[in-house]
Structure formats: structure tokens, C-alpha cells
Peer 1: 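Below are the C-alpha cells for one structure; questions will follow.
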Number of protein chains: 2
Amino acid sequence: MVPANATRTAEKTFREMIRLFGLLEKVMQPYFARFGISGSQWGVLRTLHRAELEGLTGLRLTDLGDRLLIRPPSVTGIIDRLERVGLVVRDGSPEDLRAKLVSLTGKGRQLVGQVLAVHGEQIERVLGCLNPIEQERLHRLLSRVGLHLESLLAGREAGED
Amino acid sequence: MVPANATRTAEKTFREMIRLFGLLEKVMQPYFARFGISGSQWGVLRTLHRAELEGLTGLRLTDLGDRLLIRPPSVTGIIDRLERVGLVVRDGSPEDLRAKLVSLTGKGRQLVGQVLAVHGEQIERVLGCLNPIEQERLHRLLSRVGLHLESLLAGREAGED
DNA sequence: TCAATTTAGTTAGCTTGCTAAACGAATCCA
DNA sequence: TGGATTCGTTTAGCAAGCTAACTAAATTGA
């Protein structure tokens, strides 16, 4: 059991996290909309771009899901819509006939360049109210909570239900 | 213009925020599922419970949306589902024939009690990896970013596009 | 007073997350 | 070799957010 005022500190911090999450979506959504994409779609495009820099020619849907922490059906949907507008293509993998490799088209690569050109500035707009030391402190606290939550989730998967 | 490594600090902090929110949803979703509700539904139930403590007999959908930072159609949907399972009721407001007052049913009030009985413990499970001082520090940093984002959004509404 | 505007709520239709279930391809192992 | 199982993806269907467009009620103001 934990003292009541410690619980209150945890609870207000928790609530602020939830609130900030909502605010962040509301700020980022119109920013990405200027490029005709959503935040989730940007996640996919950026991930594919990073994979290119690593020398990979394409990523399987499963790999995308792993990197973005979303499940296969969600990946299928986002890729469907990105493919429909020609930012991305699906090709069958030569090594595994079950798998498909997703990669950026020329148009997709160009869009990533456009976003990256102003992305640092946008993030600065969001976090500019903290100086670099405070940003670093925030990053460290968030990382610790993140690692903690990952271990909670790993435990659950292992069948501790 | 901002130095390159300051941008990198901001970016990794930003990315950690996004990642943490995804993890948080994955941890909280099964927790609420045990009570047969979703996180959004809990947001509504808790808000209605708070309103009762303030002496209000019901909240208008608009007020709920304001408190939860979601738009009217989203509120309509959540209330529809909560009403369907009998946790909440809609009554016409006597003062304004356009408005409807949402309030907890007995069943809803009972469920809120059940959740609240273990809620502090669950939040402790999430934030217990930080001591109270660190939690307080995290809260302060998040609050500052939250206030900053609110002012960004307020500016945009005022027509600075 | 009464027409115009604003406000409260809903509906329709989109995206994006989820789970459950289907499917074929790949792999394992007896 | 052949049957069982696992893997990668898709489909179906639900929840929850959004915008745009609508109805009905309230308010404003000329």
C-alpha cells in the first residue's frame, strides 16, 4: 500500500500525460495535413526512409508493425491508403512467398524530403518551451517510464494473466 | 535557426513521447477491459462522477466534450454506447430544449466505485518506477509543454493561419 | 417583431487502432 | 513423405477520433 498523497502525485502526473497526448495530436494533425498525410502515415513513410538509409530495399508489413508498435491489420490499412495515392508500393518478397516488401516510390521519397526539411522546426515549435537541459531531463524520465511499461507488457505476454 | 544537436535532443524527446503514449494505451486497454469499458468510456464516467461531487445533476454533451477535449460527434458516439449498456442516461434539459443532460445510472455509479477502488493501485503500477520527486518533476515538465501547446492551439483558432 | 446568426446535438462518412478468423505458404517432425 | 503447426497477410467488424453538413432551439439586433 502507498500513502494517499503519493497516489495523488502519481494520479495528477498520469492525467497530465493523457491530456498532453490529446493536445499533441491536435497540434500535429493540421501540420501533417498540409502535406496531405496523417501522423500514422508519416510514421510509415519515415520508417521506410530510415530503412533505405540502412541499405534495405523494402520492409515487410510485420517489420513495419514491430517498429511502429501496431498490429498487422492496422499496417495493412495504412499501407492500402498510402499505396492508393502512390506514395508506397507492395512487392512480393523473393525469399518468402508469404511476405510482401513495402518501399517508397519516387513520389513518396520526395514527400519525405519535403517534410524532413521543416520537421526540426515543427518539433522546436512544440518543445521550444523547454530548454535543451529540460528536454533532456524530460527524455530521461519518459524513457524510464517507457522501459517500465515495456517490461509490464512483456510480462503479460508471457502469460502472467 | 537552432543548432543541430539541440534539434536532435528535441527530436528524440518528441519520439519518446509518441512511443510512450502508444505503450500507455497498450497497458491501460486490458485494465479497463476487465470492467467491460474502454479508456474513453472511463473518461466520461469519471467526469460524470466528478460532476456529481460538484453537486451537478447532469452534464450537457458539450460540457463533456470541453472537459475531455473531444468534439461533439465523438461525445455522441461514446454516450450512445454507454447508454446502450445502461451505465448512463440522456435527459432533456428543462432550461434549454436543445440540450441534453447526461448522468450516471445506479449501475454506472456502482461501476465507477469499483474502478476507483483499484485505480490508485493501477496508476502506481504505471508510474511506480519513478519516486514521488521524479513524478513531480515529470508532472511539472509535462504541464509546461501542455500549457505551451494550448497557447499554440488558441493562437491557431484565433485565425493565425 | 422577425429575420439572421449562433448554439446543441446528431448523422454520414473518413482514418486508424483493435480482435477474431480465414487463407496460403513455409516449416517441423515423426 | 505427409500431417500438423506456425507465419505473414488479409478480411470483417467494432470503437473512437475527426470534418462537413444537417435540424431544431435560442439569441441577437435592425
Side-chain angles (χ1 to χ4, degrees), chain A residues 18-19 21-33 35-45 58-66 68-85 87 90-102 153 156-157, chain B residues 18-19 21-33 35-45 58-66 68-85 87 90-102 153 156-157:
Chain A
I18 304 291
R19 212 179 75 90
F21 188 17
L23 287 167
L24 203 53
E25 279 182 343
K26 283 179 183 47
V27 168
M28 295 306 287
Q29 190 264 334
Y31 162 71
F32 286 122
F35 300 100
I37 58 175
S38 67
S40 303
Q41 290 175 342
W42 169 245
V44 167
L45 297 175
L59 285 183
R60 296 184 313 168
L61 299 188
T62 313
D63 295 334
L64 270 170
D66 289 345
L68 298 168
L69 302 181
I70 60 180
R71 304 223 170 253
S74 309
V75 183
T76 295
I78 299 176
I79 299 301
D80 282 349
R81 288 176 283 270
L82 285 172
E83 197 169 29
R84 197 188 305 151
V85 295
L87 293 170
R90 257 185 268 234
D91 298 301
S93 164
E95 290 146 17
D96 187 336
L97 296 189
R98 296 169 303 178
K100 294 176 186 170
L101 296 178
V102 182
L153 287 168
R156 183 171 310 162
E157 270 170 31
Chain B
I18 303 292
R19 212 178 74 90
F21 290 138
L23 289 167
L24 202 53
E25 280 182 345
K26 284 181 182 44
V27 169
M28 294 307 287
Q29 190 263 333
Y31 162 70
F32 286 122
F35 300 101
I37 59 175
S38 67
S40 303
Q41 290 175 344
W42 169 245
V44 167
L45 297 175
L59 282 183
R60 297 184 313 167
L61 299 188
T62 313
D63 296 333
L64 272 169
D66 289 345
L68 297 168
L69 300 181
I70 59 179
R71 303 226 169 252
S74 309
V75 183
T76 295
I78 299 177
I79 298 300
D80 281 351
R81 288 177 283 271
L82 286 173
E83 197 169 29
R84 198 187 304 150
V85 295
L87 293 170
R90 257 185 268 233
D91 298 302
S93 163
E95 289 146 17
D96 186 336
L97 296 189
R98 297 170 303 178
K100 294 174 187 169
L101 296 177
V102 183
L153 288 168
R156 185 171 308 160
E157 270 169 31

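Numbered from 1 within each chain, the chains take letters A, B, ... in sequence-line order. Given the structure is predicted, the values throughout are model-derived calculations rather than measurements. Values reported hereafter were calculated over all heavy atoms of this structure, with side chains retained and with hydrogens, waters and symmetry mates removed.
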Peer 1: Got a donor-acceptor contact below 3.5 angstrom from the A:Lys100 side chain to the A:Leu59 backbone?
Peer 2: no
Peer 1: Across nucleotides 14-27 of chain D, 5' to 3', mark each nucleotide with B, S or - according to how protein heavy atoms within less than 4.0 Å reach it.
Peer 2: -SBBBBB----BS-
Peer 1: Would you confirm whether A:Gln41, through its side chain, and A:Ser38, through its main-chain N or O, come within 3.5 Å as a donor-acceptor pair?
Peer 2: yes
Peer 1: Any side-chain N or O of A:Arg90 below 4.0 angstrom from OP1/OP2 of D:dG8?
Peer 2: no
Peer 1: Ignoring hydrogens and geometry, is there a side-chain-to-backbone donor-acceptor pair from A:Lys26 to A:Phe21 under 3.5 Å?
Peer 2: no
Peer 1: Is there side-chain contact between A:Val102 and A:Asp91, with at least one heavy-atom pair below 4.5 Å?
Peer 2: no
Peer 1: State, with a plain yes or no, whether a side-chain heavy atom of B:Leu82 is found less than 4.5 Å away from one of B:Leu45.
Peer 2: yes
Peer 1: Test side chain to side chain contact (heavy atoms under 4.5 Å, CB included) on A:Val44 and A:Val75; report intermediate values, then the result.
Peer 2: CA-CA 9 Å; A:Val44 167; A:Val75 183; 5.9 Å; no
Peer 1: Which heavy-atom pair separates B:Ser93 from B:Leu101 by the least distance, and what is that distance?
Peer 2: CB-CG, 4.0 Å
Peer 1: So where does chain B start and stop touching DNA chain C, 5' to 3', when the test is distance under 4.0 Å to a non-hydrogen atom?
Peer 2: C:dT7 to C:dC18
Peer 1: Is the shortest distance from a Lys or Arg side-chain nitrogen in A:Asp80 or A:Arg90 to a carboxylate oxygen in the other one below 4.0 Å?
Peer 2: yes
Peer 1: Taking CG from A:Leu101 and P from D:dG8, how many angstroms apart are they, rounded to a whole number?
Peer 2: 12 Å
